[in-house]
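We use all heavy atoms of the structure for the numbers below, so side chains are in, but hydrogens, waters and symmetry mates are not.
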Amino acid sequence: MKMSLFSRKPRSLRSESRTPSLSGKVIFVTGGNASLGKQSIIEFAKHEPAEIWLAARDINRAHQTVLELYRQFPNTEIKVLEMDLASLDSVREAAEIFLTSAGRLDVLLLNARAGHSSRDTPRLTRDGYEGAFGVNHMGHALLTKLLTPLLLHTVRHNRNSGCVADVHVVVVSSSLMSHAPRRGIRFDQLKAPAPRHSRLTLRSYAQSKLANTLFARRLAREYPQLTVAAVHPGIVRTHIVGVIARHDGNNLLAKLGRPLSRACMGSVQDGIQNQLWAATSQDVISGEYYSHVGVKARMTKLARDDMLAEKLWQWTEVELENYITLNTRYSD
């Protein structure tokens, strides 16, 4: 059963009352200088965690965001980390900086996504992957693998200190993954530009979001110590629909995109509620995909395909093997 392209708006709730204390916690957010990422950081900051790391490609814009947020939350330390998910070297360098500075990691929110504007989605990444897949899956997969030792270290520290708090990895996916290719992941085309010379097509974006969900499912199985969830933020008023509309003019979303965005889409404030819940709640079931706050989605057959998840996991392992070095700092 395919998921509806335009699902109902996410249920609104007061995140301030639902989010538990974040005191002492360290949070890492990709794409934190705008839209869903920025709003997520605002909500996290209200609960005064020890540190929030804002990772973004546009370092100047990120610094402006931090200055703006500091005026609202002077007691929360927000650090900027330059990271371009379209470059695996950049991801590795950013991870190394973080690992030498942070002593724990409680929440890893993989929020950034290709498609916020045309310039953000290269036809091919610097490493030769199709743009949407390279940014949305490969960059995030490498970051997660590099930070996993610290995530596991935090789990051990929590248990040794008698703390019941979980360590969360949240992958922002999308119900648009139901529009992925029939076979799910076209492994033979992952190192080729998207069709019709577009920078972002609905199908290539959908494939990358399917990969996000499969990766989260497989990550949860690999590391049962972690709480891993993939989430759908709702159809939110970000730039993604406009980008798809400009570059994929034959599909329904392109024809209806902007008019429907105002009538059918939720606000950014609505959109972050699901990922905030997944990042902080003890009710999250690891490996699941949530369409709304606390609501497990009826996933497509492809999204539930453990064999496809395993194939993607192994393919990704081989692709990233030259970028991953054993980090023994947190192997205690």
Side-chain angles (χ1 to χ4, degrees), residues 3-23 25 27-49 52 54 65 69 72-73 76 78 106-113 115-116 136 140 165-178 209 212-213 216 220 227-241 260-299 303:
M3 284 169 275
S4 171
L5 178 60
F6 292 103
S7 59
R8 65 187 185 278
K9 292 182 181 180
R11 296 176 296 179
S12 62
L13 51 86
R14 294 181 181 178
S15 58
E16 296 93 337
S17 63
R18 294 292 185 95
T19 303
S21 172
L22 299 177
S23 177
K25 295 186 181 298
I27 299 171
F28 190 114
V29 180
T30 67
N33 59 349
S35 192
L36 296 173
K38 179 180 178 181
Q39 192 62 41
S40 294
I41 288 176
I42 289 173
E43 297 300 327
F44 286 137
K46 292 178 181 178
H47 303 274
E48 299 188 351
I52 300 176
L54 188 166
T65 298
L69 295 180
Q72 300 179 61
F73 310 106
T76 299
I78 304 176
D106 299 89
V107 176
L108 175 58
L109 175 54
L110 305 178
N111 163 84
R113 55 181 175 170
H116 282 267
N136 294 340
H140 278 141
D166 297 328
V167 174
H168 294 248
V169 179
V170 180
V171 187
V172 179
S173 184
S174 172
S175 65
L176 287 170
M177 66 179 172
S178 62
K209 294 289 102 180
N212 286 159
T213 303
T227 300
V228 185
V231 300
H232 171 55
I235 306 298
V236 182
R237 288 190 291 271
T238 63
H239 297 301
I240 184 66
V241 171
L260 274 179
S261 68
R262 292 175 181 164
C264 302
M265 294 183 180
S267 67
V268 171
Q269 181 65 37
D270 288 331
I272 65 166
Q273 301 304 326
N274 201 14
Q275 58 202 60
L276 286 176
W277 174 83
T280 59
S281 175
Q282 293 187 13
D283 295 329
V284 177
I285 300 174
S286 194
E288 291 292 342
Y289 167 69
Y290 289 89
S291 58
H292 297 81
V293 176
V295 179
K296 290 189 291 184
R298 295 183 63 185
M299 292 188 289

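Closest of all the heavy-atom pairs between L54 and N33 is CD2-N, 3.8 Å. Counting all heavy atoms, side chain and backbone alike, G32 lies closest to T65 at O-CG2, 4.1 Å. Here the shortest heavy-atom pairing between Y290 and I285 reads OH-N, 2.9 Å.
Atom-to-atom distance recorded for H168:NE2 and K25:NZ is 7.5 Å, nearest 0.5 angstrom. Here CD1 of I272 is found 8.5 Å from CZ of F44. Values are rounded to the nearest 0.5 Å. Once rounded to the nearest 0.5 Å, the distance linking CG of N111 with CD1 of I41 reads 8.5 Å.
At distances below 3.5 Å, not a single donor-acceptor pair connects side-chain atoms of D106 with backbone N or O atoms of V167. Checking side-chain atoms of N136 against main-chain N and O of N212 turns up no donor-acceptor pair under 3.5 Å. With H47 contributing its side chain and L22 its backbone, the two residues share no donor-acceptor pair below 3.5 Å. At least one donor-acceptor pair under 3.5 Å links the side chain of S173 to the backbone N or O of K209. One N or O on the side chain of S286 and one on the backbone of V228 form a donor-acceptor pair closer than 3.5 Å.
Among pairs with a residue in residues 272-291, none fulfils salt bridge (charged side-chain N to carboxylate O under 4.0 Å, His left out), at least two apart in sequence or across chains.
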